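Below you'll find the structure, written out as structure tokens, and then a few comments.
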Amino acid sequence: MKEKELRRSLAVLPIGTVMKLTDLTARQIRYYEEQELIMPQRNDGNRRMYSLNDIDKLFEIKDYLDEGVNMVGIKEIYLEKEVRAKRQRELLKKPLSDNDVRRIFQNEFLSVSGLKNPDEPSFNANKPL
DNA sequence: CTTCTCACA
DNA sequence: TGTGAGGA
């Protein structure tokens, strides 16, 4: 299941193909790059080359757009997504200390009982108390 | 022919 | 975001 992700990350599509696939103008595609929503690679001739992941990202962006979300909003969405991914990676690295486990169960209890927002971090994996 | 950057009657 | 210039 690793080989597949690698292929999806291969930048092999020129902007012209991406335009037809996404129904976006070159202007828009480049603008989204400027907003750091996508980071296409460049080939030898300084031409942008997009991966399948980029295509998916563009479709997502387009969806958010006609859902009424603006650039800043979309940026925030992806930013928060990165934060969560990072937090999750940290949890996979180091085993939980007894202290962490206790805090997690406590947070779980509060969430289930509806006394706390589930999204609110219960502890910092980087600096366990 | 396709894409790139830059700029705006 | 559109569009056109000027170069690669």
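The shown structure was predicted, so the numbers you read here are calculated from the model rather than taken from an experiment. Here is the naming used below: chain letters follow the sequence lines, and residue numbers restart at 1 for every chain.
For the atom pair CG of A:Leu13 and NZ of A:Lys20, the computed distance is 12.0 Å after rounding to the nearest 0.5 Å.
One interatomic measurement links the two molecules: CG of A:Leu37 to P of C:dT1, which rounds to 11 Å at whole-angstrom precision. In this structure, the CG atom of A:Asn46 is 13 Å from the P atom of C:dA8, given to the nearest Å. Rounding to whole angstrom units, CD of residue A:Glu34 and P of B:dC4 are separated by 13 Å. Separating the CZ atom of A:Arg30 from the P atom of B:dA7 is a distance of 15 Å, rounded to the nearest angstrom. For the pair A:Asn43 CG and B:dC4 P, the interatomic distance rounds to 8 Å; values are reported in whole Å. In this structure, A:Leu24 places its CG atom 10 Å from P of C:dG2, rounding to the nearest Å. Between the P atom of C:dG2 and the CD atom of A:Gln28 lies a distance of 5 Å, rounded to the nearest Å. Remark: C1' of B:dT2 and NZ of A:Lys20 are 10 Å apart, rounded to the nearest angstrom.
Mapping A:Arg27 and A:Ile15 onto DNA chain B by nearest heavy atom places A:Ile15 closer to the 5' end of the strand.
An OP1 or OP2 oxygen of B:dT3 is reached within less than 4.0 angstrom by no side-chain nitrogen or oxygen of A:Arg48. Regarding contacts with the backbone of C:dT1, every side-chain N or O of A:Thr25 stays at 4.0 angstrom or more from both OP1 and OP2. Under 4.0 angstrom from either OP1 or OP2 of B:dT2 there lies no side-chain N or O belonging to A:Arg47. For B:dT5, the OP1/OP2 oxygens have no side-chain nitrogen or oxygen of A:Tyr31 closer than 4.0 Å.
One finds a salt bridge joining A:Arg84 and A:Glu80 here, because a Lys/Arg side-chain nitrogen approaches an Asp/Glu carboxylate oxygen to under 4.0 Å. Using a cut-off of 4.0 Å between Lys/Arg side-chain N and Asp/Glu carboxylate O, A:Glu33 and A:Arg48 are scored as salt-bridged.
Checking side-chain atoms of A:Glu82 against main-chain N and O of A:Leu79 turns up no donor-acceptor pair under 3.5 Å.
Pair check for B:dT2 finds C:dA8; Watson-Crick or G-U wobble, both atom distances under 3.5 Å. Using N1 to N3 plus N6-O4 or O6-N4 for Watson-Crick, or N1-O2 and O6-N3 for G-U wobble, each under 3.5 Å, B:dA9 pairs with nothing.
Across all non-hydrogen atoms, the minimal contact from A:Val12 to A:Met49 is O-CE, 3.5 Å.
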